Every structure is written in C-alpha cells, then in structure tokens.
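Notes follow once the structure below has been shown.
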There are 2 protein chains.
Amino acid sequence: MGSEKETRREARIAAERAILQAAEEVFAIYGFKGSTMARIAQTAGLPKANIHYYFPTKLELYRRVVEEIYSSWLEAGDVFDNSPDAATALSAYIESKMDTSRLHPFGSKVWANEILQGAPVIQDYLETSLRDWTQSRIDIINRWIAEGQIAPVDPRHLLYMIWAVTQHYADFSHQVETLNGGKPLRSQQWHEATQSVKRIILNGISAQSSAQRAEEQA
Amino acid sequence: MGSEKETRREARIAAERAILQAAEEVFAIYGFKGSTMARIAQTAGLPKANIHYYFPTKLELYRRVVEEIYSSWLEAGDVFDNSPDAATALSAYIESKMDTSRLHPFGSKVWANEILQGAPVIQDYLETSLRDWTQSRIDIINRWIAEGQIAPVDPRHLLYMIWAVTQHYADFSHQVETLNGGKPLRSQQWHEATQSVKRIILNGISAQSSAQRAEEQA
DNA sequence: GCAAAACCTGACCATTTGGTCAAAAACTAC
DNA sequence: GTAGTTTTTGACCAAATGGTCAGGTTTTGC
C-alpha cells in the first residue's frame, strides 16, 4: 500500500518545513548575504550537508522562504472583498496584519531585508502580482471614497501607512521591546497597540471629520 | 604657520567623510555582516587597504556610521519643544522625518538593518538616550492630552506610528518605487505623501473627533 | 531476505573576506 | 635639500563560507 510512501513524503515535508523555518529565522536577522548555511543548519539542528540535500543552493532556499511569506501576505488582503463596509474591512485588515506581526515576525523581517536589498529575488513578483493586488485594493478604497464612506485620502498612502505601522511591530520588535523595558509586548499590550493603530487610522480617514476639508485640496 | 597642518586635517576629514558615505550606502543595503570592505572601498573609489588606514576594522567603521545616523536622528525631535501647540509640533516632526527619508534614505536603512539584527552595536544607546528621549516626548504628548489639545491616544504608539510611516518611505523605497511604475517619487509626490501622512495622523488624534469616544475605553 | 532507492553526513575544496604589512609616494618642517 | 612624518597601496594571509562527494545507513518494493 501507499502508507510507507506516505510516511516518506511526510518525513520529507517535515524536514523541509523544519529547514524553512530555521532559514526564515536566520534570514530574518542577517539578510541573504549575511546569513550562512552553517548557521541555518545549526538552527535547524541538522548537519550542513543535509540542508543541501533538500535545498541545493542557498539562493533556492532563500527563494522558497520569500515566496512562502509573500503568498501568505497576499491572502490577508481578502478582507477587502469580504467585508460589508470600509470600516469593517480596514479594521479587519489592520487586525490581521498585526496578528501576522505578532505570530510571524521572522517572515516580516525577511521581507524587510529583501526590500532593503532592492528585492533581488522577488522583483518580478512586485512588478506583477503585488502591483495588481495593490491596484485592486486602491480601486476598492476609491469606491469607498466615492460612496462617502471615508474621507478622500490617497488610497496608496493609506495602504503604505497600514503596511508600515503594522509591520513596524515585527520588523522593529527589538526596538519596541527595548522601549518596553526590555520585555516583549504582553498580550494585553498587543491588543492596545492594535486598538491604537485602528483608532488613529480609522478616525484619521473618517468621512464626517471636518478638519481635512478645510485643508488644501488643490 | 598651521595652514598646511590645516590642509592635512581637512584632507583627512574629507577622506573620512567619503568613506563614511560609501560605507553608509553599502551597509544600508547589505547590513553589517552582508557588507564587504572590498565593496565599500569600491564604492568610495579607494583601495581597500586605504579604508583600513582610516578605519582599522569593519566594526569601527560601522559603529561610526550608526552613531552619526543616531545622533542626527535625535535632533529631529527638537520640534517637540520648540512648537507652540501639538498640531504644529507633530506636523513639523512628521515633515522633518519625511524630509530625512527623502534626503538620507541610506541612513534610515542602516538603522533598520541594525534593529533587524537586534541592535548589536547600539543596544546601549537604545537603553539609555533613546529611552530617555522617548519618555520625554511621551510626557509632552501626555501634557497635550491633559490640555485637551489631542485625543487620549497612547503616546508610545503614536510615536511608533510616526516613525514607522515616515521611515517606510526610506526603508521600503524600492517597493514604493516599484508600485510607482518603477520610478522614484517626484517632488510633488513626496509632498502628497507628506500631506497624506500628516492629514491622517493629525485627524486621527484630533480632540474634537467624536468617533473615538464612542469606542471602548474600559 | 535483498536489491534498489532514498536519505544522511564527515571530510574536503575553491572562493571570498577581514585584516596585515612592507615598501613606496607625498608631504612637512627646518 | 633632507630627515622625519603621514598617506597610499599591491601583495599577502588565515579564517570563514557555499558547495561537493564518497561512503554509509535506512527505507522501500518485491
């Protein structure tokens, strides 16, 4: 029967997953060039040659890591389609992004490193799927503006703001921790951070606000 | 007289500056470990041994780069003290940070890399001067809240938001550029970005807003 | 059982990298 | 001019690093 075959496949998948996880952790800190296969192997608790058995080259391993992060990233944007109104959608999106920063900080850091380096590996993705993804969300936000649900803000910069702030809690977690007395944010503090972000942004783009209509809009 | 001595000193300073600039550019992209002295030398247009003449080790060079960025960073916060009211202060601070991102993106990226790596070099600064700096700004923001100038937001998260968003335009400039059709933001676009950030944040914390009082505040 | 396939790993190699050094070049002071 | 000082740089070295490989072990299919 196929059970033993299945076992092998499962073992292989488990091994690859362990390696990918260790690689993500190391790449998160040192970036592509600064990371070493020896360190990834050590983190994974495997001999270096074994890593090369599953992932022939450092670049292929890195690419796999980045691709997995990227695809999980895009899924978070589904709330834009599945929410009844702007406030619900953006609120859910911010929450989702904050959860990702809390639960998968390494992925966010790998992405940050990749972009810092000029996206040598995922440039093609940026130019295709990310561009499309972003444009479709911009269209949705513009629709909300047209419907008067939110103030006439630039959708692009609104998205950047959400990305920047939510990812900051992952990418700059070390700084945040240091300014939190050297301790990681507790569950309650994560909740407060999320509430703060949601409150300021949602309030900042609320349609009924009068302040921004007085501002220049030439 | 000392004129020739002065010339020498000037030449030395100029050489150090050129090296520091090249180093900043390289460290910005590859981080500490990922950067090579050879590449820094090439960027500076000098032989590698010459770099070592001015900066004995890679770590010392890196430390100098980071320290210079850090100190220039803190100065931007002076507007908190020199502004008459909250809106003016925060507006000026955001503008100042956006200008820094536009004019000195490498510095911001070096900082990002340093924090991503767990601040191996400037950890002591984080725990002393940055902590003090942040606390003093928190005190000021709390005063604004007490005076009713702004809504009762968590000052810490407000600061993080400003840092995150403004630095995003430097650290993720490659992504922003790609989503801008592959071209750097034009002067006008930088202005729009700055206005967007200021508008959303200032509006988001405006005291007269009614939305956030309806929110939970338990 | 047993041959074949898949998996594992210590030892090894070529290249890269941070750093050294001695000798040359340029400059200064008198 | 010349002795001393500072600056410049090609050549070199030891350590680190990505990757290879041969030989071993385990698992699979029959």
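Letters A, B, ... mirror the listed sequences (proteins, then strands); counts begin at 1. Computed from a predicted model, the values in this text were never measured in an experiment.
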*Within the structure, does a side-chain N or O atom of B:Arg12 lie under 4.0 Å from either OP1 or OP2 of D:dT7?*
yes
Please tell me which of the listed nucleotides, [options], lies nearest to the side chain of [X]?
X	options	result
B:Thr57	D:dG18, C:dG10, C:dG19	C:dG19
B:Lys48	C:dG18, C:dT9, D:dG18	C:dG18
A:Ala49	C:dC8, C:dT17, C:dT9	C:dT9
A:Asn50	C:dC8, D:dT8, C:dG18	C:dC8

*Could you check whether the rings of B:Trp190 and B:Tyr169 sit parallel, tilted or perpendicular, using 30° and 60° as the cut-offs?*
tilted
Gap between atoms [atom1] and [atom2], on [X] and [N] respectively (whole Å):
X	N	atom1	atom2	result
A:Lys33	D:dT17	NZ	P	13 Å
B:Phe55	D:dT8	CZ	P	12 Å
B:Tyr30	C:dT16	OH	P	15 Å
A:Arg9	D:dT27	CZ	C1'	15 Å
B:Tyr53	C:dA23	OH	P	18 Å
B:Met37	D:dT9	CE	C1'	15 Å
B:His52	D:dT9	NE2	P	15 Å
B:Glu16	D:dT8	CD	P	11 Å

*Starting from the 5' end of DNA chain D, give me the residue, A:Phe32 or B:Tyr54, whose nearest nucleotide shows up first.*
B:Tyr54
*Write down the atom of A:His174, the atom of B:Ile115, and the distance for their closest heavy-atom approach.*
CB-O, 3.8 Å
_In the structure I gave you, are the side-chain heavy atoms of B:His168 and B:Val165 within less than 4.5 Å of one another anywhere?_
no
*Less than 3.5 Å between a donor and an acceptor, one on the side chain of A:Lys58 and one on the base of D:dG19, is that the case here?*
no
*Would you say the side-chain atoms of A:Thr166 pair up with the backbone N or O of A:Ile162, donor to acceptor, closer than 3.5 Å?*
yes
*Do the two ring centres, one from A:Tyr160 and one from A:Trp163, sit under 6.0 Å apart?*
yes
